[in-house]
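So the structure is just underneath, and the comments pick up after that.
As a basis for the values below, the full set of heavy atoms in this structure was taken, side chains included, without hydrogen atoms, waters or symmetry mates.
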Amino acid sequence: TVIGPTVRDGVVVHAPITSVAELPARARDAQAPGRYRLSLDGDERLFAYAAAAQSWKPFLFPSRQPLLSVSPEGAVTAVEDEPPSYAFLGVRSCDLAAVAVHDRVLLDRDVVDAHYAGRRRSAFVVAITCSHPGGTCFCTSTGTGPHPTAGYDLAMTELLDDDGHRFVVRAGSDDGAEVLAQLTGRPSTGADTAAVDAVVAGSVAVMEPRAVDMDGVRELLRDNPEHPRWDDVASRCLSCTNCTLVCPTCFCVTVDDSTDLLGVTERSTVWDSCFTAGHSYLHGGAVHDTTKTRYRQWLTHKFSSWIDQFGTSGCVGCGRCVTWCPAGIDVLEELQALRQSPGGADAEVPS
């Protein structure tokens with residue numbers, strides 16, 4: 001099954017496709033904090049949009065994963081479904097980095113997520129160089145883009161210039177090389193390589209105004225748990241969970257039991273969010289019982305304690321949490337505010 005970008009309900013989404021005609025030709029998106037608008041008045045390029053509304057996570061790590069069922073008689077049956085075989089078309093470098101994070105969390109520890117492992121093992125990944133970053137993208141700050149460097153079977157850069165509409169493609173695996181050998185085309189030239197470099201440079205330039213120095217952010221968050229900015233952002237945050245649901249690296253789940261009309265009970269894992277009241281519930285109540293502490297937990301985990309746990313940041317700079325926040329909260333603005341006035345209760349809160 002080929003999963004690729006396509007336009008549905010006024011937004012670019014990843015979904016099963018069977019034809020090039022389903023790709024988002026002429027699609028252009030405008031993204032800003034709390035804002036997404038899509039138009040179809042661009043040129044003929046197929047991948048000239050920014051990050052899609054959702055990443056590839058729902059296909060490798062579904063929002064609901066059945067684990068077992070219990071019959072009315074008490075017989076327990078484990079769910080051992082056959083993993084689907086996916087080819088992902090048009091994976092941005094930020095999302096490649098997110099998949100690498102999930103590999104670290106779900107595959108490379110003592111307890112492996114068997115359902116994720118089955119899907120991941122059979123996935124064929126065709127990456128794309130990001131040519132049109134959105135107004136909330138910052139992968140240059142996190143070191144995850146805009147050009148794919150690892151984690152793909154094939155990587156493409158789409159070009160449209162005086163030499164025509166074409167793709168420069170390179171293989172990143174034996175499977176990718178086998179597919180590439182079956183395609184018609186010609187060896188790339190120095191001019192093609194220069195055109196690819198120009199696309200990358202153009203994307204970097206677009207993101208330059210949002211560039212943030214990530215050096216010291218880990219310590220900044222760790223050392224400022226009582227900074228007044230946490231109260232400020234809590235006054236705007238709705239605890240709606242949008243940021244965690246669109247995040248390509250969040251992996252928290254809860255366990256849900258449901259019973260159908262025949263009396264069969266199914267136990268599943270379901271995506272959870274650290275912004276929900278029950279996420280940190282222990283005997284006697286929730287550890288994070290206010291919006292302030294939940295937002296602080298999320299941002300500190302994503303940019304600081306995640307590094308302690310997994311050896312990498314939990315943010316890949318895709319900007320989805322900013323675009324799809326109904327309150328327009330920008331994580332980079334919050335990090336900048338903490339950096340500009342570190343030191344706790346006596347510090348001035350930037351407006």
Side-chain angles (χ1 to χ4, degrees), residues 29-37 50-53 55 92-95 97-98 101 130 132-146 203-225 227-250 273-275 291-292 294-307 312-343 347-351:
D29 52 7
Q31 299 190 35
R35 185 178 186 274
Y36 180 101
R37 295 292 184 273
S55 69
R92 306 302 172 100
S93 56
C94 57
D95 284 336
V101 169
C130 185
H132 289 71
T136 59
C137 295
F138 57 99
C139 67
T140 52
S141 296
T142 55
T144 55
S203 295
V204 171
V206 168
M207 287 183 278
E208 183 60 32
R210 283 181 56 77
V212 171
D213 183 5
M214 292 294 176
D215 288 343
V217 167
R218 174 189 181 188
E219 293 75 19
L220 178 73
L221 291 166
R222 183 194 63 196
D223 297 341
N224 287 278
H227 194 285
R229 189 69 184 192
W230 300 123
D231 291 304
D232 180 87
V233 70
S235 70
R236 293 173 279 130
C237 176
L238 305 176
S239 287
C240 67
T241 77
N242 268 20
C243 55
T244 53
L245 293 178
V246 298
C247 178
T249 67
C250 281
S273 170
C274 52
F275 282 92
T291 299
K292 170 186 174 180
R294 291 171 196 159
Y295 190 91
R296 184 179 63 193
Q297 154 66 20
W298 174 72
L299 194 69
T300 301
H301 188 215
K302 192 66 64 176
F303 287 92
S304 181
S305 54
W306 197 300
I307 299 173
T312 183
S313 172
C315 178
V316 296
C318 69
R320 291 183 177 95
C321 62
V322 183
T323 297
W324 298 103
C325 173
I329 297 172
D330 189 337
V331 292
L332 295 190
E333 180 183 335
E334 302 310 313
L335 292 176
Q336 288 284 54
L338 290 168
R339 189 188 293 276
Q340 290 168 7
S341 60
E348 180 183 353
V349 180
S351 60

### From CA spacing to verdict: side-chain contact (heavy atoms from CB on, under 4.5 Å), Val212, Phe138
CA-CA 8 Å; Val212 171; Phe138 57 99; over 6 Å; no

### Message
Show, in sequence, the C-alpha distance, side-chain angles and deciding distance for Cys315 and Val331, and conclude whether the side-chain contact (heavy atoms from CB on, under 4.5 Å) test is met.
### Response
CA-CA 10 Å; Cys315 178; Val331 292; 5.7 Å; no

### Task
Check the pair Leu299 / Leu335 against side-chain contact (heavy atoms from CB on, under 4.5 Å), numbers first and verdict last.
CA-CA 9 Å; Leu299 194 69; Leu335 292 176; 4.1 Å; yes

### Task
Decide yes or no on side-chain contact (heavy atoms from CB on, under 4.5 Å) for Thr140 and Glu208, but give the supporting numbers first.
CA-CA 8 Å; Thr140 52; Glu208 183 60 32; 5.9 Å; no

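Closest non-hydrogen pair, Asp29 versus Ala51, comes out as OD2-O, 4.2 Å. Residues Ala50 and Pro133 share a closest heavy-atom pair of CB-C, 3.9 Å. Residues Thr249 and Gly314 share a closest heavy-atom pair of OG1-O, 2.6 Å. The two atoms that bring Pro225 and Arg222 nearest to each other are CD-O, 3.8 Å, heavy atoms only.
Atom SG of Cys137 and atom NE2 of His132 lie 12.0 Å apart (nearest 0.5 Å). Atom CH2 of Trp306 is separated from atom OG of Ser313 by 8.5 Å, given to the nearest 0.5 angstrom. The CG atom of Leu221 lies 10.5 Å from the NE2 atom of His227; values are rounded to the nearest 0.5 Å. The distance from atom CG of Asn224 to atom OG1 of Thr300, rounded to the nearest 0.5 Å, is 9.5 Å. Atom CE of residue Met214 and atom CG of residue Leu220 lie 11.0 Å apart, to the nearest 0.5 angstrom. We find the CH2-OG1 distance between Trp298 and Thr291 to be 13.5 Å, quoted to the nearest 0.5 Å.
Using a 4.5 Å cut-off on side-chain heavy atoms (C-beta onward), Trp230 and Leu338 make contact. Proximity of Ser55 to Cys318: side-chain heavy atoms (C-beta onward) are nowhere separated by under 4.5 Å. Cys250 places a side-chain heavy atom less than 4.5 Å from the side chain of Lys302. Taking 4.5 Å as the limit, some side-chain heavy atom of Pro146 sits within range of a side-chain heavy atom of Cys139. Inter-residue side-chain proximity for Glu333 and Pro33 is flagged as unmet; no heavy-atom pair is nearer than 4.5 Å.
Applying the side-chain hydrogen bond (donor to acceptor under 3.5 Å, both in side chains) test to residues at least two apart or on different chains, the pairs with a partner in residues 319-330 are Gln31-Thr323, Asp95-Arg320, Thr136-Thr323, Arg210-Asp330.
For Ser273 and Thr241, the side-chain atoms include no donor-acceptor pair closer than 3.5 Å.
Counting only distance, with no hydrogens or angles, the side chain of Thr142 and the backbone of Val316 share a donor-acceptor pair below 3.5 Å.
Salt bridge status for Arg296 with Glu334: absent, with no side-chain N to carboxylate O gap under 4.0 Å.
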